[in-house]
Amino acid sequence: MTKFTLLLFFSCLYLSSFFFFSFSVAFQSDELLLDDEEFGLEGANPRSPEPVLTASPVSSSPTPTIRKRYSDPDLDSKIQFTLEHAFGDSDFSSAGTFSARLKTWSHGGQTLTKLRFSRNEFSDEEKDAFKNLLKEDDFYRIRLPSNVISPPGREYVIASVRARCLPRDGLDEHIVIHMDGANILAVSYGSPGACQYPRQLNLPRKWSFNSHTILKSSEQAPRTPIFTEEILGSSENVEGEAEVLVEKSFWAKYWMYLIPLGLIVMNAVTQATNMAEEQPAGSQGQAPAAIQRGSAAPRRR
Amino acid sequence: MAMAIRVFLLLLIFLSSAIVSFSLYEDQVGLMDWHQRYIGKVKHAVFHTQKTGRKRVIVSTEENVVASLDLRLGEIFWRHVLGTKDAIDGVDIALGKYVITLSSEGTTLRAWNLPDGQMVWETSLHSAQHSKSLLSVPTNLKVDKDYPIIVFGGGYLHAVSAIDGEVLWKKDFTEEGFEIQRVLQPPGSSIIYVLGFLNSSEAVVYQIDSKSGEVVAQKSMVFPGGFSGEISSVSNDKVVVLDSTRSILVTIGFLDGDISFQKTQISDIVEDSGKAEILSPLLSNMLAVKVNKRTIFVRVGGEGKLEVVDSLSDEIAMSDSLPVADDQEAFASVHHEGSKIHLMVKLVNDLDTVLLRESIQMDQHRGRVHKVFINNYIRTDRTNGFRALIVMEDHSLLLLQQGAIVWSREEGLASVTDVTTVELPVAKDGVSVAKVEHTLLEWLKGHMLKLKGSLLLASPEEVVAIQELRLKSSGKNKLTRDHNGFRKLILALTRAGKLFALHTGDGRIVWSMLLNSPSKSEACERPNGINLYQWQVPHHHAMDKNPSVLVVGRCGSDSSAPGVLSFVDVYTGKELSSSDIGHSVVQVMPLPFTDSTEQRLHLIADTDGHVHLYPKTSEALSIFQREFQNVYWYTVGADDGIIRGHAMKSSCSGETADEYCFSTRELWTVVFPSESEKIISTLTRKPNEVVHTQAKVNTDQDLLYKYVSKNLLFVATVSPKGAGEIGSVTPEESSLVVYLIDTITGRILHRLSHQGCQGPVHAVFSENWVVYHYFNLRAHKYEVTVVEIYDQSRAENKNVWKLILGKHNLTAPITSYSRPEVLTKSQSYFFAQSVKTIAVTSTTKGITSKQLLIGTIGDQILALDKRFVDPRRTLNPSQAEKEEGIIPLTDSLPIIPQSYVTHSLKVEGLRGIVAAPTKLESTTHVFAYGVDLFYTRLAPSKTYDSLTDDFSYALLLITIVALVAAIYITWVLSEKKELSEKWR
């Protein structure tokens, strides 16, 4: 297995004609990809069964070759690595091939670009094994080499999923590969959407994989902002705002004093009017008082 | 439901927007906090025999503390905690007024003033290689009014002036690979004899002029068998060493520079042969050898002849010999007998003369005697008296004098390894716990005093009385549960394997227990404590049971050593049971299941990749079988840089059919490239943390759902070059990468790399956020970054109608196998201090806003509001954001002196901070440990749900009474007036 990939790798490096062939293939599938830009990154169109890929090297078009001539073949090289899978606790076997371009940057770093994935169809035995997994709600496991230049590198990167999460119409899978240069740190594997719990036993209608792959490298943390002048500026602004605050309307500033004051004033005014009314009515004031007395008297009893 | 969420959110916002500043008034110090000072397990002790120092002993400890203790009371006069890498190699007294310490493998020599502990001088000595170090303070060597101190370390021999620390001369021994064993100085001569071994097979004696450091003479002699390295100097011109086969004692005499060997087969002098071991005590003309568990005293004759004087079968501890009157030397030995220890002081020349024989009752939970230091004094009747300082197995330090323990210090508490908190028992009806402290009159008097105090009317005496009242207030030291949950037990496991229960009220030791090995086998006499877990916390069922904790220990320091489990009753401190589990302990995982007696199920992983279920009952097994499919665990290989996820597979298939043992299989791996990343820190959330609100409301009435998963692992890696000290690499060479990994599927949810940054990383993980602290090499500053992670898959549940009509997925079970849609927000700030540890406050319901508890390099704890590390901070927050409590963005985090929760105290050698909730939502217990212990209660948003301790109930009462009286009086008056009106 390793030998095979290595061989391919070397052939890519030294046999330039093959190299261009492979790129022509690469270009074709690139075109196809454009309508499947679900994840905005280099993903494979899984529904195009991989026989197309294996069959296509024969066809070669001159235009892409010319385009590729500008790229330095020493810096960019094509590599392949395999995806292996296991059913439950079985041994790993080949499940598909990733191919990508390894781009070497001037500062020495290497990144993978133009990742493409071709998935092998399940053989009959594998289908049976997978059905067993579904029945037992067991794990479907995949693995990738941890280094793409010299696979398998230090260790395999393993991921697994409950098999019942995968079947939908076909078999939907979603692979996120976390890269650091030419190293694969981790791979996330699962269905592209939700996986309901409790997991129901569904057999896939079609035994073809619908794969989405994403390459992810680490994000750079933003540098901690250093602002001294801005702070000064903002503090000035704050002062300005404070001044604006000072120039609030009279009512807004002193409403808490004004309202009680108003109440008191109103109270005083009504009292004054009452007094004014009472004084002329002072001589006649006996009658209501008598009524009051009368009404109070029964209560006392 | 939604309404309730909103209400709580509003409440939360209200709480968080209240400007919080935690600080104490001066008179509040010590009301709810306590501080205990320790020194650690004593390594060396030097008694000072002259006038002023007579009452003191100078000790150096394994926690790198040098201290001066009061011999009468055991109190600390002064102490200095050297750094963690500054291990003390030797301590001595020079010139009668300086304490000399040699530390850091013989490269740092310091002199401290004996009375007050001020540093007098410090000298860095040149060092070229790692070697054992040696400090020798010759008593009567004088060179031109100067008293040199001879120091060997790092391949160099130095003579340092005792007066000012100046290096007088230096002799290079690096090339020869020469290791100095002893420096001897015959009295009355200026020649120093330096004896050392060359490649551990050749004995070399240098005679060095103490004035110039020049080698006067040199003699060497090859010993064909080679030396084992164990050495005991018996007199001024003789040492005894063991050969490499440990069966021959070699006496090396180097009188006048001539070397002579004299071999003695151990089998010749003792019947039973075996591997011998020279014991450390220095006895004059005698040495102690341990063969076949017997301690043999061998006298060295004038011609280098060896003869056995005594042989003891007990395990004994001995002190160095010390001169007593009439050119005699005496030494102390201590052995155990039942629950007593016997202290004997004998003359070296005549072992039958016992100067002192005492037997003292000793607490079983102190273990065996490890070390003895002896000191003599003149009794009132002019005879010789002896006092002995003994170090026990649990690291405690005791002073024995006149057949009694004069004082003891629980120095085990200086090396706490794990802490947990437990509840106290509920007050029983029969016990009059709720006894009101005094009569009503005294109660009123106390409150009147407080009232006076708060109205600033109190006289100075009354202020003192108030302070006293406060300190012994309201039974905060009772041994029962209180309504607010302020009284708790702090269980602390120490490195010596002793478990202490401390009361939160005053920090006293309620009980302590030394772990025992159940098998009593030789290989595992005393297991090391590793971790502490809550084993049984009865609250629903089994209320009659006492809670218990699980102590996981290990026989030996190796991780593959077999483990020991011990179950301890929390209320009584008795060991319920203990068992040798017969497999190693790599990881202990408490499961979220309990059985009918509320025992928590635990999984213990061993080195073979098997996991074992505890408790071993069929009920536990059936509970576990039910959840068998859903149990996952992970291991972090810090050495190989691989994190592996595992799931249960089946029962162990082996020769022993153990139904509680399960094999596992690997589900996922994360492989960090060894050339660019090295794991330096991993962290998970606390399993018992409570998250109150699942969502966060933005200013624009937008909801963000927190990604609250218990299966998140925070990992920080640095480039291997950058794993060293800060500043050892250039910014280009070092980078720091942080990850958030789901531990069920191995998915990397968040990955962020900080270029030009370096560890050490200190992080804290709570709810949906991680705050981590590291060093930025480009900015030459420490930085703090916050990462908050939000769940986008539930983001559609914003619509209230959806919530009402039930068209939401909030109640659907969350599975890690769904593809997570997460959103992370992060922001970085500069932080002015270097950090030792970070923790976060935790409250019962998780409503109260959180504070970060930052253990700073100055051994203090800084409480920093979480609002300062909020990724939503912007430079100019809008009005709405300001109302929500968002602080304008600044480039560095503020350090407000008032927010040090340790106020003026220092928790020397701070190693960890533990926060535990009280029953009161606003308050949290904070316990910090290092060489010192510190406890306090914090209220991150102030005590909004209770009145303060010094709330004046009397004032309230008086006001109410006055109001009622006023109402009554006015009512009477109005009645009268009305009546008179009516009669008019």
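Remember, it's a predicted structure, so these values are computed and weren't measured experimentally. Every chain is numbered from 1 and lettered A, B, ... according to where its sequence line falls, protein lines coming before strand lines.
The most heavy-atom pairs under 4.5 Å with chain B, out of A:Gly190, A:Gly88, A:Ala159, come from A:Ala159. Of all the listed residues (B:Val738, B:Thr745, B:Ile748, B:Val670), the one sharing the greatest number of non-hydrogen pairs under 4.5 Å with chain A is B:Ile748.
In terms of heavy-atom proximity, A:Val161 sits nearest to B:Tyr817 at CG2-CD2, 3.7 Å. Contact detail for A:Val157 and B:Thr669: the closest heavy-atom pair is CA-OG1, 3.3 Å.
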Q.
Checking B:Arg819 against A:His212 for the side-chain contact (heavy atoms from CB on, under 4.5 Å) test, could you report, in this order, the C-alpha distance in whole Å, the side-chain angles of both residues, the deciding distance, and whether it holds?
A. CA-CA 12 Å; B:Arg819 194 163 71 91; A:His212 308 274; over 6 Å; no
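At a heavy-atom separation below 4.5 angstrom, chain A is approached by B:Asp640, B:Gly641, B:Ile642, B:Arg644, B:Ala647, B:Lys649 within residues 637-650 of chain B. Residues of residues 176-184 of chain A placed with any heavy atom under 4.5 Å of a heavy atom in chain B are listed by number as A:His178, A:Met179, A:Asp180, A:Asn183, A:Ile184. Using a 4.5 Å heavy-atom cut-off against chain A, the contacting residues of residues 672-680 of chain B are B:Phe672, B:Pro673, B:Ser674, B:Glu675, B:Ser676, B:Glu677. Residues of residues 129-139 of chain A having a heavy atom under 4.5 Å from any heavy atom of chain B, listed by number: A:Asp137, A:Asp138, A:Phe139.
Only the side chain of A:Arg199 comes within contact range of chain B, judged by heavy atoms closer than 4.5 Å. Contact of A:Ser191 with chain B is made through backbone and side chain together, with heavy-atom distances under 4.5 Å. If you measure heavy-atom distances from A:Arg141 to chain B, the contacts under 4.5 Å come from the side chain alone. The part of B:Arg665 that comes within reach of chain A is its side chain, from C-beta onward, which places non-hydrogen atoms under 4.5 angstrom from that chain.
In this structure, A:Arg143 and B:Glu666 have side chains that are not in contact, with every pair of non-hydrogen atoms separated by 4.5 Å or more.
With hydrogens and angles ignored, the 3.5 Å screen pairs no side-chain donor or acceptor of A:Ser218 with any backbone N or O of B:Arg751.
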